[in-house]
Number of protein chains: 2
Amino acid sequence: MTYGNVLHALADPTRRHIFEALNKGPCSVGDLAARQPVSRPAVSQHLKVLMAANLVSVQTQGTRRLYYLRREGLEGLRQWLDGFWDDALASFGAEVARQVSADDG
Amino acid sequence: MTYGNVLHALADPTRRHIFEALNKGPCSVGDLAARQPVSRPAVSQHLKVLMAANLVSVQTQGTRRLYYLRREGLEGLRQWLDGFWDDALASFGAEVARQVSADDG
DNA sequence: CATTTCCGTAAGTCATTGCTTACGGTAAGC
DNA sequence: GCTTACCGTAAGCAATGACTTACGGAAATG
């Protein structure tokens, strides 16, 4: 479920651009929007989705709101991905795959 | 770009279910649809998307079409994820983050 | 206190998309 | 050859979503 939100959040290209931009360091919403081909409210809405996925966080600084990246938010997705290379699952999958390829030869 | 397709493909819950089901071994479209709350054509369309993302592949076997998982399709996404923990980027990000937290204390 | 800056949210629009039913096409069985 | 099983695609529909403009609120500036 947690990696579901992450996948959904990172599936959008604009959201990925914002996320990658924040990887270079914290940034305000206005500066973030200036480097995107979309309006500032659009960026704000995207940040809301990234927040819900625990991929970014905020820190108010005067009138500005500095968003920064949260790499921990990627952990769930990473672990889910690693699961596909799990030894037990891989060996089982390989065995079934061998049965399939057996029809070929 | 390649991980973009993967993220898009895996963002849909039904597609994830299909993908995870194929992780247990190859399966036909009908059997796949029997375990999903959607119709068979829907599964077929989802498989088309997974194919475009190089996440699955097919092998015709009589009238049946056995779909199987392709773990290589996840490599691009995995590498993209690993990039966020890259030493250089991380140190740079940490430095900027330190500047932000400097305002706090 | 009035103004400016920076931002989040509401409302509305248009494209995307996930789903369905209907159809056509290929391979096995009699 | 006809039927049956299995599947991909087309067409249509309802829902989601990404974007815009308009508005209102909070903090620095004078």
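- Between A:L32 atom CG and C:dC7 atom P the separation is 9 Å, expressed in whole Å.
- Across A:L7 and B:R16, no two heavy atoms sit closer than the pair CD1-CD, 3.7 Å.
- There is no path of hydrophobic side-chain contacts, each under 4.5 Å, that joins A:V6 to A:V49.
- In this structure, B:T14 reaches the sugar-phosphate backbone alone: every heavy-atom distance under 4.0 Å involves primed, P, OP1 or OP2 atoms, never a base.
- Note: NZ (B:K48) to P (C:dT16) measures 16 Å, nearest angstrom.
- Taking the side chain as every heavy atom from C-beta outward, B:R65 and B:Q59 never approach each other to under 4.5 Å.
- The two residues B:Q36 and B:I18 make their nearest non-hydrogen contact at NE2-N, 3.9 Å.
- The separation between B:R15 atom CZ and C:dT17 atom P is 9 Å, rounded to whole Å.
- Contact between the side-chain N/O atoms of A:Y67 and the OP1/OP2 oxygens of C:dG8 is found at a separation under 4.0 Å.
- Counting non-hydrogen atoms under 4.0 angstrom, A:S28 reaches the backbone sugars and phosphates but no base.
- Aromatic ring pairs are classed by plane angle as parallel below 30°, tilted from 30° to 60° and perpendicular above 60°; the pair A:W80 and A:Y3 is parallel.
- Straight-line distance from the CD atom of B:Q59 to the C1' atom of C:dT26: 17 Å, rounded to whole Å.
- In this structure, the side chain of A:R15 does not engage the main chain of A:L10 through any donor-acceptor pair within 3.5 Å.
- For B:R64, the salt bridge (Lys or Arg N to Asp or Glu O under 4.0 Å) partners are B:D31, not counting sequence neighbours.
- When the P atom of C:dG18 is taken as reference, atom CG of B:D12 falls 5 Å away, rounded to whole Å.
- Along DNA chain D, the nucleotide nearest A:Q45 and the nucleotide nearest B:D31 are compared for position; the residue whose nucleotide lies closer to the 5' end is B:D31.
- Scanning DNA chain D 5' to 3' for nucleotides with an atom closer than 4.0 angstrom to a non-hydrogen atom of chain A gives a first and last hit of D:dG17 to D:dA28.
- For B:R16 and C:dG18, the CZ to P distance is 12 Å, given to the nearest whole Å.
- What separates CZ of A:R40 from P of C:dG8 is a distance of 7 Å, to the nearest Å.
- Projected onto DNA chain D by closest heavy-atom contact, A:H8 and B:V58 fall at different nucleotides, the more 5' of which corresponds to B:V58.
- Remark: B:T63 is not in phosphate contact with C:dA28, judged by side-chain N or O atoms under 4.0 Å from OP1 or OP2.
- Distance B:I18 CD1 to C:dG18 P: 11 Å, rounded to the nearest Å.
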